[in-house]
Amino acid sequence: MDIRQRLLAAFELEHKDHLTAIRAALRDVEATGAPPDLVEIHRRAHSLKGAARAVDLPEVESLSHRLEAAFIAVQRGEAVLDAATMSVVRRALDAIEDVVAWSAQGGAEIELAGVTTDLERIAGERVAIAAPPPPPRRAVREPERAPERLPERPPGRPPERVPERGVPERAQERAGDLDSPTLVRIAAQGLERLSDTASALLPEIEAQAGLGEELRLMRQEWRALERSWRHLRAQLSQAAVLTGDQGDARGPGPAAAFEQRFRILGGALDRAHRSHDRLLWSMRRWGGGFQEDMRRLRMLPAENQLGGLGRMIRDISRSEGKEVEVDIRGMEVEADRAVLQRLKDPILHIARNAISHGIESPAERMALGKRPAARVLIAASVDGARLRLRIEDDGRGLNRAAIARRAVERDLLPPEEAADAPLERLVEFLFHPGFSTATRTTELAGRGMGLAIARSEVERLQGNLAIAERPGGGTAVTIEVPLSLLSQRLVFVGVQDQILALPSADVVRLRRTLSDTLFAGVGTPMIRLEEEDVPVTSLAALLGLEAPVLPSAAKRLSLLVVRSADRRLALAVDRFVTTREAVVTAAEETGLDPARYLGTVLLDDGGPCLVLNVPGLMPLPGSALPAAARPPEEAAPARAHILVVDDSITTRTLEKSILEAHGYRVTLCVDGREALDRLSGGMEVGLIISDVEMPRMDGFALLQAVKADKRLAETPVILVTSRSSDEDRERGLRLGADAYIVKTRFDQNELLAGIRRLL
């Protein structure tokens with residue numbers, strides 16, 4: 001990084017501080033009507049001018065000088081700080097921000113003549129005489145000079161600081177503070193590979209805990225054998241005494257030799273167990289440290305990736321003939337670089353939507369008693385392990401009637417429900433691809449894809465996006481994503497015979513209580529928590545599994561209290577399992593529905609565990625919750641029985657979890673031979689899902705055997721395989737397969753739709 005780039009990096013931070021302070025002062029004037037602190041505003045403009053001179057940005061220096069003169073005119077009473085003046089000041093602040101971005105990042109040149117003329121009009125002729133005209137534009141980088149030879153110095157004497165030609169020494173000192181020897185550059189691809197290594201290391205370390213458990217069981221078994229051997233040895237000794245056989249004088253007998261080898265084995269087991277425990281502790285310590293160091297290495301201030309949004313949004317608004325003041329806050333919070341990068345497009349889609357649909361033209365706003373320039377707020381904050389972004393505008397807000405009318409036209413909403421549809425239901429229509437309330441198609445709006453793309457990208461980040469009306473008018477969009485994708489802290493719970501996980505950031509508390517602490521609410525049980533009545537249901541019922549039997553009054557309940565936005569829900573689970581850090585494989589990589597699942601993690605036994613998406617599971621406000629339990633006398637609903645045949649433990653466990661989460665009863669087999677043995681033994685199933693490539697008997701042979709058996713011939717069979725050739729597909733269908741799904745583009749919705757069609 002050359003000296004000019006370092007200076008610009010320092011100035012980027014300083015100038016934004018001054019601009020933010022001036023903008024905040026103008027907002028206070030509009031909100032309260034109180035006179036502003038003109039001395040402080042003048043000081044900010046003056047400091048901005050000096051800093052711009054130090055980094056050799058004459059355009060910014062010139063604008064700051066005119067801005068300073070305008071504030072002096074207001075202080076002296078020669079100009080009035082009315083709406084028109086504040087509009088000019090805001091345009092000047094935007095222009096300064098754009099010029100700095102142009103100098104640092106490149107892009108289209110900034111037109112300054114109009115705002116310069118308006119500032120001069122406010123300040124009077126003094127500015128035009130006192131301030132030199134802006135010099136011609138120049139490239140950001142100056143031509144590189146040949147390195148200058150430094151004079152030799154005596155040994156042990158520190159080098160003298162030689163100012164760089166053309167750059168003030170004071171500015172070089174400021175830039176020198178940024179030139180830390182502890183900073184290095186690393187290629188993004190290298191960092192990603194290192195992150196992948198760290199992510200793969202964590203589950204491998206946890207898998208070692210299973211080996212430790214096996215060693216512990218082996219030690220227990222050895223001790224049991226030792227006790228049996230002591231008892232047997234006493235009997236052998238007693239028998240030897242009775243028979244007079246005291247052993248061979250030439251050495252120990254076979255029993256003594258056995259005992260010696262037996263004790264050597266026991267000692268080796270003890271040493272192996274102690275050594276494994278020590279190594280596991282060390283691996284967890286250093287592996288956890290490596291994981292945390294990698295997480296910190298990837299963390300960057302939001303400013304690093306999102307700082308240029310203000311300029312982009314202003315450019316979009318100008319192209320639409322609208323005035324927008326962009327207020328960006330909280331950019332000092334840190335998050336994973338990859339997360340921040342991928343959030344930029346969703347934010348821009350949301351901003352385009354707001355500018356096109358929500359923000360009025362200056363004339364419309366003035367007719368409504370609003371100020372001409374609309375305000376878009378982008379605020380970043382951290383809540384636990386999640387990054388929260390709030391994008392607000394003070395425009396016209398959501399057009400409920402237009403949304404309902406369009407939903408009826410697209411057969412998404414019955415006409416009789418359009419008038420009374422709750423806002424939450426109407427908002428969901430906005431995320432349907434192709435849904436738009438625009439009357440015409442432009443470059444910014446009318447295609448109905450922006451919000452759908454934004455939510456899809458946020459869901460790929462294992463987060464959620466919500467739209468609501470802003471208090472006081474306008475729209476508020478909230479995005480919540482994990483701070484880092486490297487690993488997340490998860491809460492593992494047991495539901496029937498499954499282990500499921502939820503992000504700890506979505507879990508408010510864990511509570512064990514008696515059933516009689518619940519009370520009847522409006523159609524659902526409730527529990528009182530922290531001065532709030534929270535509805536209760538079972539996680540099994542919410543997932544569509546068999547509802548548990550209604551517990552007796554004295555039975556203890558395990559409640560998992562979750563939240564989404566400002567709503568809470570208490571979920572009854574069978575047991576709490578553990579809480580730990582884990583690497584979540586995204587839903588899109590495993591074919592899961594991101595609306596219900598964030599993805600999967602590996603358990604200690606190597607099998608996958610589903611990670612639930614809490615906001616996606618929460619019913620819409622006003623919707624009825626599923627029954628938390630069923631009466632003891634009520635029979636459990638009949639569930640279709642599905643046989644899953646696959647030699648991969650990961651695949652069959654994942655399919656079992658998905659199917660059980662949708663209310664099916666599942667039996668697993670590791671290959672076609674085991675499946676055929678069970679079916680021949682009289683097991684009744686409603687459907688078979690089978691892999692093709694398996695040991696002993698493959699899927700084609702199993703399919704052929706099933707269709708040849710008169711008792712099983714009508715049983716539907718779905719082949720789920722990685723074989724994607726047309727020949728394999730034709731062979732499977734020719735043998736009688738009812739569906740053929742290729743794993744490389746496995747989609748759980750396609751599988752579930754096929755099952756529903758066949759059952």
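Quantities reported herein were computed from a predicted structural model and do not represent experimental measurements.
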Sidechain-backbone polar pair: R365 side chain, R371 backbone, donor-acceptor under 3.5 Å: yes
Side chain to side chain donor-acceptor pair (under 3.5 Å) partners for D506, two or more places apart: none
Salt bridge (Lys or Arg N to Asp or Glu O under 4.0 Å): pairs with one or both residues in residues 410-419, sequence neighbours excluded: E417-R425
Spatial distance of atom CD1 (I391) from atom CD1 (I378) [nearest 0.5 Å]: 6.0 Å
Main-chain N/O of V115 paired with R66 side-chain donor or acceptor, under 3.5 Å: no
side-chain contact (heavy atoms from CB on, under 4.5 Å) partners for A83, two or more places apart: none
Reference residue R314; test salt bridge (Lys or Arg N to Asp or Glu O under 4.0 Å); the match among E325, E97, E320: E97
Side chain T117, main chain A113, donor-acceptor under 3.5 Å: yes
Heavy-atom closest contact (L389 atom, A380 atom, distance): CD2-CB, 3.4 Å
Donor-acceptor pair, side chain of S62 and main chain of P58, under 3.5 angstrom: no
D327 vs R27, side chain to side chain contact (heavy atoms under 4.5 Å, CB included): CA-CA, chis, key distance, verdict: CA-CA 10 Å; D327 182 12; R27 285 196 301 272; 3.3 Å; yes
Sidechain-backbone polar pair: T85 side chain, V80 backbone, donor-acceptor under 3.5 Å: yes
S504: partners by side chain to side chain donor-acceptor pair (under 3.5 Å), with sequence neighbours left out: none
Test item: S356 side-chain N/O and R352 main-chain N/O as donor-acceptor pair under 3.5 Å: no
Pair T20-D17, side-chain hydrogen bond (donor to acceptor under 3.5 Å, both in side chains): steps then yes or no: CA-CA 5 Å; T20 299; D17 180 54; over 6 Å; no
D94/R23 salt bridge by N-O under 4.0 Å criterion: yes
Side-chain (R90) to main-chain (V324) donor-acceptor, under 3.5 angstrom: no
Test applied, side chain to side chain contact (heavy atoms under 4.5 Å, CB included); reference residue, P503; option that passes from L612, V562, V611: V611
Separation between CD1 of I22 and CD1 of I96, rounded to the nearest 0.5 Å: 7.0 Å
From CD1 (I355) to CD1 (I313), nearest 0.5 Å: 6.5 Å
Verdict with reasoning, L306 to L340, per side chain to side chain contact (heavy atoms under 4.5 Å, CB included): CA-CA 7 Å; L306 307 181; L340 294 172; 4.3 Å; yes
Minimum heavy-atom distance between A374 and I359, given as atom pair plus value: CB-CG2, 3.5 Å
N-O pairing of K370 and D394 below 4.0 Å: no
Q75 and V39, any side-chain heavy atoms less than 4.5 Å apart: yes
Shortest non-hydrogen contact between A70 and I122, atoms and distance: CB-CG2, 4.0 Å
Side chain to side chain contact (heavy atoms under 4.5 Å, CB included) evaluation trace for N464 with R386: CA-CA 11 Å; N464 57 82; R386 297 180 82 80; 3.6 Å; yes
NZ/NE/NH1/NH2 to OD/OE distance under 4.0 Å, K322 and E364: no
Qualifying residues under side-chain contact (heavy atoms from CB on, under 4.5 Å), relative to A354, sequence neighbours excluded: D393
Under 3.5 Å donor-acceptor, K49 side chain and E68 backbone: no
Minimum heavy-atom distance between G310 and I328, given as atom pair plus value: N-CD1, 3.5 Å
Shortest non-hydrogen contact from P535 toward D533: CD-O, 3.9 Å
Trace of the side chain to side chain contact (heavy atoms under 4.5 Å, CB included) decision for L617 with L569: CA-CA 10 Å; L617 289 175; L569 182 62; over 6 Å; no
Residue list, side-chain contact (heavy atoms from CB on, under 4.5 Å) with E323, at least two apart or on another chain: S87, P362, P372, A373
Non-hydrogen atoms of P482 and L461 that approach each other most closely: CD-O, 3.1 Å
